[in-house]
Every structure is written in structure tokens, then in C-alpha cells.
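Single-structure report; data block below.
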Amino acid sequence: MSSAPETVSPRIVVIGAGIVGCSLADELTARGLHDVTVLEQGPLPAPGGSTSHAPGLVFQTSPSKTLTAFARYTVEKFSALEADGLPCFHPVGGLELATTPERWADLHRKAGWAGSWGVRGELVSAARCKELWPLVDESMILGGFHTPDDGLARAVLASRAQMHRAQERGARFLERHTVTGIDQQGGRVTGVVTDRGTFPATHVVSAAGFWGPVIGRMAGVDVPLLPLAHQYARTGPLPQLAGANDPRTEASKPILRFQDRDLYFREHTDRLGIGSYAHRPLPVDPFAVLPYDEARARSLDMPSSLPFTEEDWAPSWRDCQELMPALRDATVDEGFNGVFSFTPDGMPVLGESRALRGFWLAEAVWVTHSAGVAKAVAEWIVDGHATVDLHECDVHRFEGAQRSPAYVRERGAQQFVEVYDVVHPLQPMEHPRPLRVSPFHARQQELGASFLEGGGWERAHWYEANAPLVEGAESRDPWAARHWSPVVAAEARHTRERVALYDMTPLRRLEVTGPGALAFLQRMTTNNVAKKPGAVTYTLLLDEKGGIRSDLTVARLAADRFQVGANSPADQVWLERHAPDDVQIRDLTSGTCCIGVWGPLARDLVQPLTRDDFSHEGFGYFRAKETYLGHVPVTAMRLSYVGELGWELYTTADLGLRLWDTLWAAGQECGVIAAGRSAFNSLRLEKGYRAWGTDMTEEHNPYEAGLGFAVRLDHGDFLGRAALEHLPPPRRVLTPLLLDDPSAVVLGKEPVYAAGDAGAPSGYVTSAAYGYTLGRCVAYAWLPPLPAGSAVHIEYFGEKVPATVAEEPLFDPKMVRIRR
Ligand code: FAD
Ligand code: THG
């Protein structure tokens with residue numbers, strides 16, 4: 001067990017017997033943990049949470065590989081589960097309709113994700129849609145996406161079946177036990193208090209669905225989710241469906257989405273069930289939800305089902321009648337506003353809280369993903385890590401500024417609004433903005449920055465001030481041209497030819513100090529960081545199974561003081577969890593700032609500002625110095641994610657503007673420009689520098705990710721080392737591709753077909769960007785090992801785009817540009 005005190009055998013209490021709690025009890029007991037108690041405030045097996053009324057549509061395909069994997073596992077598991085002689089999953093298939101050209105294009109993109117993540121699916125004609133769903137008006141439809149393995153989960157049956165299996169293995173399910181408190185001692189959870197007694201526990205998992213924030217408050221843990229009501233209605237019996245379906249299985253036509261009007265449909269024998277996301281967001285205070293008996297007494301079906309608001313439904317009903325003319329004679333017999341959870345980014349919240357050891361969250365989970373989530377959380381509790389990459393679901397993925405109740409409310413409601421929208425991968429949130437700005441923000445605005453948002457930060461993607469540098473007009477398809485400008489090419493070229501300033505403030509910086517700091521970083525990371533002060537080392541954080549948790553730069557600034565360049569907020573939590581008492585870890589990001597000064601003229605720009613020696617001999621590659629540039633104390637690190645000569649220059653936030661102005665003034669002679677993240681991303685891909693979370697995750701080991709050079713097996717034991725010694729030969733490797741057509745681009749997540757692939761693709765693109773120096777789009781992809789020169793093709797909006805496996809590094813293999 002990763003987090004239980006060694007001597008105590010695990011005693012697990014799960015709060016909530018919805019689909020997540022039941023699945024989790026099943027997965028935990030299947031892994032040999034038998035002391036599992038599930039506490040549920042309502043009556044079993046339909047206790048009145050979101051699961052009790054979920055219509056159970058399972059569309060597996062998502063832009064997230066992780067969510068898709070969760071859904072695939074749920075389908076696989078529920079298909080093999082039975083209750084009352086009925087399977088818990090009914091594979092009627094799924095059909096998504098396009099009635100606008102934009103949606104039709106988006107379904108092509110979605111078909112790509114399905115291919116990339118291993119879901120069977122096919123784009124079909126309007127006529128085929130009509131065949132699959134005779135009630136629809138074919139003349140409205142441009143086409144559809146048909147996924148034969150999607151279908152209906154019977155959520156209450158699946159809860160029961162999993163509950164029974166867990167009970168057979170020793171789990172206890174206690175209904176009508178309302179949790180009222182969480183006991184803790186010394187930062188660890190010790191038990192769960194209910195209205196019927198206290199239950200001691202080494203591990204508590206809150207699977208309380210949208211009540212998560214209520215349980216969280218008892219534990220002193222913020223749970224970033226917003227409960228929202230969502231409308232679901234059933235028609236009266238439809239003559240068109242009379243006799244169409246067996247009442248036991250209820251449905252035979254594919255589950256149906258009409259996203260252009262925020263609607264979905266399923267059959268209930270001879271009626272239709274219709275869900276709508278078209279209405280205004282209807283937030284619900286989880287603290288004010290009625291207990292089960294009180295809800296019943298007030299003639300609610302259950303606590304999570306609120307009265308139907310006719311006025312919100314009316315426009316959707318007209319949209320239903322437009323799509324299905326037969327509904328013009330139909331009535332809506334029953335409807336309710338059902339409550340479930342939305343998070344600021346639409347993803348679940350999973351993991352052990354940093355505020356209270358042993359207190360876990362498994363919330364904001366759809367039925368669709370429930371079994372996959374339960375398996376992952378069980379693995380995480382039992383083994384210390386899951387087999388699927390969880391970084392997008394980690395409760396610690398949120399920045400401080402993303403955890404306020406105001407943010408959770410605003411973003412949660414927006415997720416509801418956007419649930420069926422066509423969302424561009426770069427599309428920034430609109431509100432609340434600006435949230436976090438670097439000290440250079442005013443200067444960036446003066447230069448006409450186009451800002452996108454990431455981690456709450458305003459990030460300049462390019463600057464209109466550089467428009468005069470544009471040579472020739474590159475044209476792009478309208479989708480790839482969104483959140484992009486031809487100025488990006490000019491900024492990339494200028495960085496390769498002259499010099500540019502990059503705002504690197506959002507790069508996470510941790511300070512690791514104390515007498516144990518060196519030994520700690522040696523034990524936590526793969527490379528040897530025991531170098532003299534002034535050295536910077538590129539190194540990896542691995543989990544026990546050798547998966548990459550993060551990639552870091554570690555600068556030894558003094559004997560027991562290190563500055564670590566990191567990725568996700570979860571990196572700090574991971575390090576803190578493993579840190580002994582003589583090590584302190586502090587996040588410096590918000591109080592400091594960083595400018596990357598990169599390009600062949602970087603030294604000409606910086607050297608005159610300092611008495612320190614910034615020559616190649618005086619300030620070598622991957623070295624750090626604390627010095628002054630003009631009036632500004634800086635930590636300078638000679639490294640460059642864009643692959644050019646130069647430095648990252650760090651100072652405190654108060655001096656940031658002064659640093660920018662100093663560099664800007666000094667750079668006028670060299671023709672300095674400010675350059676944005678789009679150029680940055682292009683340049684780093686040309687150089688083959690991986691981005692953690694996109695190119696590689698915990699699912700990948702360093703060797704298959706092409707990062708073996710950052711692993712020193714001879715530097716002593718480190719976390720994950722043992723696993724690296726027993727690796728099978730890689731089945732897939734992170735592979736650089738160059739698109740053959742110099743004008744073609746792809747954006748990421750597209751399926752890749754190697755020669756001989758019939759049907760399923762061999763792999764998928766991680767990140768991609770046009771390489772302005774190479775004159776080709778660069779795409780990295782997970783593929784089986786293929787020799788350089790192999791021809792592949794990438795599927796982009798249904799088009800086959802030819803590409804060739806390239807040899808790394810694609811740009812400056814001898815490193816002459818950086819080491820000079
Ligand atoms: P729940 O089922 O809500 O379970 C949480 C349990 O915790 C509850 O039983 C509750 O009583 C218990 N609990 C809470 N507080 C306490 C306490 N203090 N003490 C003891 N017990 C407590 N998802 C899909 O995948 N497909 C769909 O088609 C779909 N359609 C939906 C339609 C509607 C109208 C709604 C509302 C939701 C829909 N969902 C759908 C979402 C899905 O229903 C939920 O995301 C899912 O059921 C959540 O499961 P859960 O186990 O996390 O939560
Ligand atoms: N700067 C700093 N820290 C960081 C990043 C950064 N930490 C997180 C993330 N970015 C780490 N990623 C990289 C990737 C590549 C390099 C640096 C950080 C890099 N690699 C060289 C190479 O692969 O050739 C050198 C490797 C070596 O000499 O060991 O420069 O942007 N501060």
C-alpha cells in the first residue's frame with residue numbers, strides 16, 4: 001500500500017454507493033483488499049444519487065485518451081456483468097449527427113480520436129443515419145458518426161452486480177448511514193463518523209458524487225466541482241416504436257446525439273428518453289440537497305432529481321420535433337432536472353488529498369467512465385500508481401488560482417454550456433480573464449500580443465508588432481489557422497537568425513533546500529545531480545513502475561539549494577510526499593518571473609549588461625550563475641528549449657518589468673523582438689524536445705520516450721530504477737515524423753497508419769507544429785519501432801496525409817547553435 005503506515009493492514013471506507021462506490025468496492029476486493037466498508041446515506045441498491053436516474057448512455061470517444069480508456073474498460077466490464085439475467089451493458093451502438101458543416105468536420109476529427117484511442121467507428125451518410133434511426137428527418141442531416149460498440153449501461157443493475165460481487169469477497173455495504181464527519185490525527189485520516197457510529201479507517205475514498213464538496217468540507221479538503229441540474233424527459237408511447245423493443249432490454253437503436261442543439265436520445269421500449277444541455281446552467285448547492293426521506297416526503301423521486309422546469313424545456317422540445325417530425329404529435333409524459341457534477345475542465349477529480357493523507361477522491365465521474373476510474377483508483381491505492389495516465393484527472397492538477405469557489409462555479413457552469421460545443425484544441429477560456437499575468441504583461445499588450453490562456457496564465461502566442469517581419473504568406477486550412485497567425489513564422493525565423501525574448505514566467509519553479517536536498521533529489525530522479533554548484537541537469541521523475549511522472553531541470557545553485565524547473569502542480573505534491581524532514585520545497589513560480597533570451601545574437605545582447613563572463617568558456621552550456629543584469633539581480637541558466645544559444649533569466653516579480661525593459665533597450669542594436677508560444681512550440685519540436693503530459697506520461701518509460709540519455713543507472717538507487725532493469729523491448733516508441741507535403745499541417749491526437757495497417761491505426765500523434773526552419777510540419781507519434789524513411793500517413797479530418805519517419809534530432813544534430 002502506498003500510503004498506509006506499514007504496520008497497519010488497510011481498512012478502507014468508501015463513502016457513497018453510486019456506480020463509482022460500487023465499482024470501487026469490486027475493484028478493491030478483486031485486488032485482495034477485503035476490509036472494505038461502503039457507507040451510503042440512502043437505501044440500496046438505488047440510493048438516490050445521480051446513478052439512480054442516469055439513462056446510461058455510453059459514448060466512448062473523447063479527445064482525452066484517458067477518458068476513452070476508462071470508457072472502454074467500463075464497456076468491457078459491464079458487458080460481462082449480469083443482474084436479473086440481464087447484461088449490464090447493451091451494445092446498441094452510438095450515432096452522432098451533423099446538421100452543420102462545422103459539426104460534420106468535427107465528426108471527422110472525432111473519428112480520428114476514435115481511431116487513435118482504439119474505438120471502432122465509421123462516418124456514415126445521411127441515408128445511413130436514417131436507416132439506423134428512421135424517426136430522423138434525413139433532409140437536415142449532413143452525415144453521422146456511427147460507433148457500433150457504444151451503447152447503454154444499466155447503471156443501477158451494474159451497481160448491484162458489482163456490490164454483490166464485492167460482498168461475496170467480504171465487503172460490507174451499509175445503507176442509511178449518513179456520513180457526518182471525518183476523523184483525523186496528525187494529518188492522516190483515522191475514521192469516518194456517521195449518524196450510526198464511527199468507522200475506523202486507514203483509507204477513506206469519497207465517492208459521494210456531487211455531494212463531494214460536502215464530504216470535502218468535513219475533511220478540510222477543497223473539492224473543485226459544481227453540481228448542476230440537467231434536464232431529462234420521456235415522451236409518451238410512440239406509435240412508431242410500438243413493438244420495436246423488448247421491454248427487458250428497452251432499446252435496439254443506437255444511442256443518438258444531436259449536438260448542434262445540445263440534445264441526446266435513447267429508447268425506453270416504446271418511448272423516447274431525451275436529455276438536454278441547451279438550457280441555462282442550473283447550479284445546485286450540494287449543502288442544501290434534501291436527505292432521501294425528506295425528498296420523498298416532498299414528492300421528489302429522489303434527492304438528486306429536482307422538479308422539471310417547463311420553460312427551460314420548451315425550445316429543446318421544438319428542436320426535437322424538428323429532427324423527428326413524428327414527435328409533433330407526441331407528448332412529454334415525465335421529466336426531471338437531474339443533478340450531477342461539473343469540474344472547471346470537465347475531467348474527474350481523483351487521487352489522495354495533499355491536505356489529508358489517506359483521504360481519497362473519486363468524484364465528478366460519469367457512468368461512462370465509472371469502472372475505468374474505479375480500476376485506476378484501486379490500482380493507485382494498492383500499487384501507488386495506475387496503469388493508465390491520470391494526470392488530467394489528478395485532484396492536484398489545479399493551480400491555486402483555479403481552486404477558488406468563484407472559479408469553480410464560473411468554469412463548472414461554462415463546462416455545462418460547452419459540453420457539446422466544437423472546441424478547438426487551443427481555444428482559451430473567456431472568463432475569468434485575465435487571471436494570472438506576468439510582470440511583462442503591459443509591454444506585451446503594447447506589442448499587440450495575442451494571448452491564449454494556460455494554467456490561468458495569459459500567454460502571448462504571437463505579437464502583431466512583428467507583422468512587418470512576415471515574408472510570403474503561408475496559407476492554412478481554417479481550422480489550423482485558428483489561434484494562429486503568419487507572424488508565428490517570422491518570430492520563429494527571427495529566433496533562429498537573430499534574437500528574441502520569450503516570456504517563460506509560467507514555467508513552474510520549485511526551490512528545494514536543506515541538508516538532505518541533494519540526497520533527496522538523487523533518490524527521486526534518474527540523472528546524476530550531484531555536480532558542483534553552478535551545474536544544471538536535465539532529469540526525470542519516475543514512478544515505481546518506471547513511468548515518467550515529469551521531466552525536470554535541476555540547477556544546483558549552492559551546496560544545499562536547488563532550483564527545479566517542473567511541469568504540473570502535481571510535481572510539487574509528489575516531491576513533498578517523498579521528502580524527508582530535512583528538505584524544504586517551495587513553489588517560487590508566482591513570486592518570480594523568467595525571460596528566455598534566445599538566438600545567435602543572445603550573447604551580444606546580454607554580455608554588455610554584466611561584468612560576469614558570459615562567453616562560452618566563462619558560462620558553459622547547462623550552467624547557472626547568480627549575477628546582475630544592469631540593476632536587476634538574476635539567476636541565469638544557459639539552456640534553451642528552442643535549441644538556440646541563450647539563457648533563461650529569472651528574477652523576482654517586482655523587478656520583472658525592469659528586466660524586460662533592460663533587455664529590450666540593450667537588444668535594440670541586435671534587432672531584438674518579443675516572440676510567443678506558437679513559435680516556441682514550433683522550435684522545440686524541430687529540436688525534438690518533448691513536452692511532458694502531451695508527448696510522454698506515466699504510461700511511458702524513458703527509453704521508449706527517447707529520454708534514455710537522462711537516466712544514469714550508475715548514480716545510486718532512485719525511484720523507478722528497479723523497474724527499468726526489467727523492461728521488455730519497447731512495443732512502441734515516440735517517433736518523429738515529417739509531413740511530406742510542405743504545406744500540410746496536423747495538430748495532435750490524429751491516428752497514424754503505417755504501411756500494411758488495415759483497419760486499426762498503428763499509433764497516434766502526440767504533438768505537432770509547423771517547423772519553419774525545416775519547411776515541414778513536424779509530428780511526434782507513438783508507433784511501433786519503424787526505420788527512418790518509412791512511409792506512414794496521418795489521418796487529418798478524414799484526409800490521408802503522407803508523412804515519413806525521420807531521424808532525430810531533426811535540427812542542429814551537432815548542437816553547434818547552442819554550444820558556442
Ligand atoms: P452518485 O450516484 O451520486 O453516488 C454518490 C452517492 O453518495 C449517493 O448515493 C449519495 O447518497 C451518497 N452520499 C452522498 N453524501 C453522503 C453522505 N454524507 N453519507 C453517505 N452517503 C452519501 N452519465 C453517463 O455516463 N451517461 C449518461 O447518459 C448520463 N446521463 C445523465 C442524465 C442525468 C439526468 C444526470 C443527472 C446524470 C447523467 N449522467 C450520465 C451522469 C451520471 O449519472 C453521474 O455522473 C454518475 O452517476 C455519478 O456516479 P457517482 O457514483 O459518482 O455518484
Ligand atoms: N526550462 C527549465 N526547466 C524545465 C523546462 C525548461 N523543466 C520542465 C521542462 N521544460 C523540461 N523539458 C526540457 C526538455 C529539454 C531540455 C530542457 C528541458 C533540453 N535538453 C537538451 C537535449 O535534450 O539535448 C539537453 C539535455 C542534456 O544536456 O542533458 O535542453 O524549458 N529551466
Side-chain angles (χ1 to χ4, degrees), residues 15-24 38-42 44 46-59 71 74 152-153 155 159 174-180 192 194-195 206-212 214-215 218 228-232 255 264 266 273 275 286 289 291-292 302-305 336-341 348 362-370 373 504 507-509 527 536-539 550-555 563-567 571 594 596 621-622 624 637 639-643 648 650 680 684 687-692 706-707 709-710 809 815 818:
I15 302 170
I19 192 74
V20 174
C22 292
S23 256
L24 188 59
V38 182
L39 300 172
E40 170 54 59
Q41 64 188 358
L44 292 171
S50 310
T51 306
S52 308
H53 55 58
L57 288 81
V58 177
F59 286 95
T74 304
L152 286 166
S159 299
L174 302 176
E175 61 180 355
R176 295 196 174 272
H177 280 63
T178 300
V179 172
T180 55
V192 177
T194 73
D195 56 350
S206 181
F210 69 80
W211 284 272
V214 180
I215 305 292
M218 297 175 198
L228 287 162
H230 149 63
Q231 291 203 298
Y232 191 78
I255 53 173
Y264 64 84
R266 60 158 286 186
V289 173
Y292 190 88
M302 53 183 86
S304 62
S305 139
F336 63 98
N337 290 3
V339 184
F340 72 116
S341 309
E363 276 153 1
V365 179
W366 287 31
V367 171
T368 300
H369 309 117
S370 56
V373 162
M504 296 291 288
L507 174 79
R508 186 171 314 281
R509 296 174 282 291
N527 211 333
V536 184
T537 310
Y538 178 67
T539 185
S550 191
D551 67 339
L552 310 175
T553 56
V554 173
Q563 183 169 319
V564 174
N567 292 296
D571 289 354
C594 178
Y621 183 53
F622 263 74
M637 289 185 206
L639 61 98
S640 161
Y641 205 62
V642 303
E648 289 177 351
Y650 298 88
F680 179 83
R684 71 104 185 157
K687 201 62 197 123
Y689 292 162
R690 279 83 167 125
W692 183 84
L707 294 172
F709 69 87
M815 302 285 280
I818 304 188

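Just so it is clear, the values below take in all heavy atoms, side chains as well, and ignore hydrogens, waters and symmetry mates. Counting convention: from 1, in listed order, for ligands and their atoms alike.
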So which heavy atom in the protein is nearest [atom], and how far is it from that ligand atom?
| atom | value |
| --- | --- |
| atom 13 (N) of ligand 1 | Gln41 NE2, 3.6 Å |
| atom 29 (O) of ligand 2 | Tyr538 CB, 3.7 Å |
| atom 11 (O) of ligand 1 | Glu40 OE2, 2.6 Å |
| atom 26 (C) of ligand 2 | Phe709 CE1, 3.7 Å |
| atom 23 (O) of ligand 2 | Tyr689 CE2, 3.3 Å |
| atom 19 (N) of ligand 1 | Val179 N, 2.9 Å |
| atom 53 (O) of ligand 1 | Gly209 CA, 3.5 Å |
| atom 7 (O) of ligand 1 | Gly16 CA, 3.2 Å |
| atom 2 (C) of ligand 2 | Thr553 OG1, 3.1 Å |
| atom 3 (O) of ligand 1 | Ser50 N, 2.8 Å |
| atom 29 (C) of ligand 1 | Pro55 CD, 4.1 Å |
| atom 14 (C) of ligand 2 | Tyr641 CE1, 3.3 Å |

Out of [options], who is nearest to [atom] when you count heavy atoms only?
| atom | options | result |
| --- | --- | --- |
| atom 44 (C) of ligand 1 | Thr368, Thr51, Val365 | Val365 |
| atom 33 (C) of ligand 1 | Met302, Glu363, His230, His369 | His230 |
| atom 11 (C) of ligand 2 | Val564, Val642, Leu552, Asp551 | Asp551 |
| atom 38 (C) of ligand 1 | Trp366, Trp211, Phe340 | Phe340 |

How does [X] reach ligand 1, if at all, at less than 4.0 Å between non-hydrogen atoms: by side chain, backbone, both, or neither?
| X | result |
| --- | --- |
| Thr194 | neither |
| Tyr264 | side chain |
| Leu39 | backbone |

Q) Quick one: does Tyr650 get a heavy atom under 4.0 Å from ligand 2? A) yes
**Asked** Should the ring pair Phe340 and His230 be called parallel, tilted or perpendicular, given that the plane angle runs from 0 to 90° and is split at 30 and 60?
**Response** perpendicular
Here the gap from Ile19 atom CD1 to Trp366 atom CH2, rounded to the nearest 0.5 Å, amounts to 15.0 Å
Interatomic distance, OH@Tyr621 vs OG@Ser640, rounded to 0.5 Å, equals 7.0 Å
Nitrogen or oxygen of Ile19 less than 3.5 angstrom from that of ligand 1 = yes
Per-atom filter on ligand 1: closer than 4.0 angstrom to a heavy atom of Gly18 are 2 (O), 4 (O), 51 (O)
Practice item. Could you tell me whether some N/O pair between Glu648 and ligand 2 is separated by less than 3.5 angstrom? Key: yes
Exercise for review: Could you tell me whether some N/O pair between Gly565 and ligand 2 is separated by less than 3.5 angstrom?
Suggested key: yes
What one should report as the nearest heavy-atom pair of Pro286 and Trp211 is O-CD1, 4.0 Å
Give the contacting part of [X] toward ligand 2: side chain, backbone, both or neither, where contact means a heavy-atom distance below 4.0 Å.
| X | answer |
| --- | --- |
| Ala566 | backbone |
| Asn567 | side chain |
| Trp692 | neither |
| Leu507 | side chain |

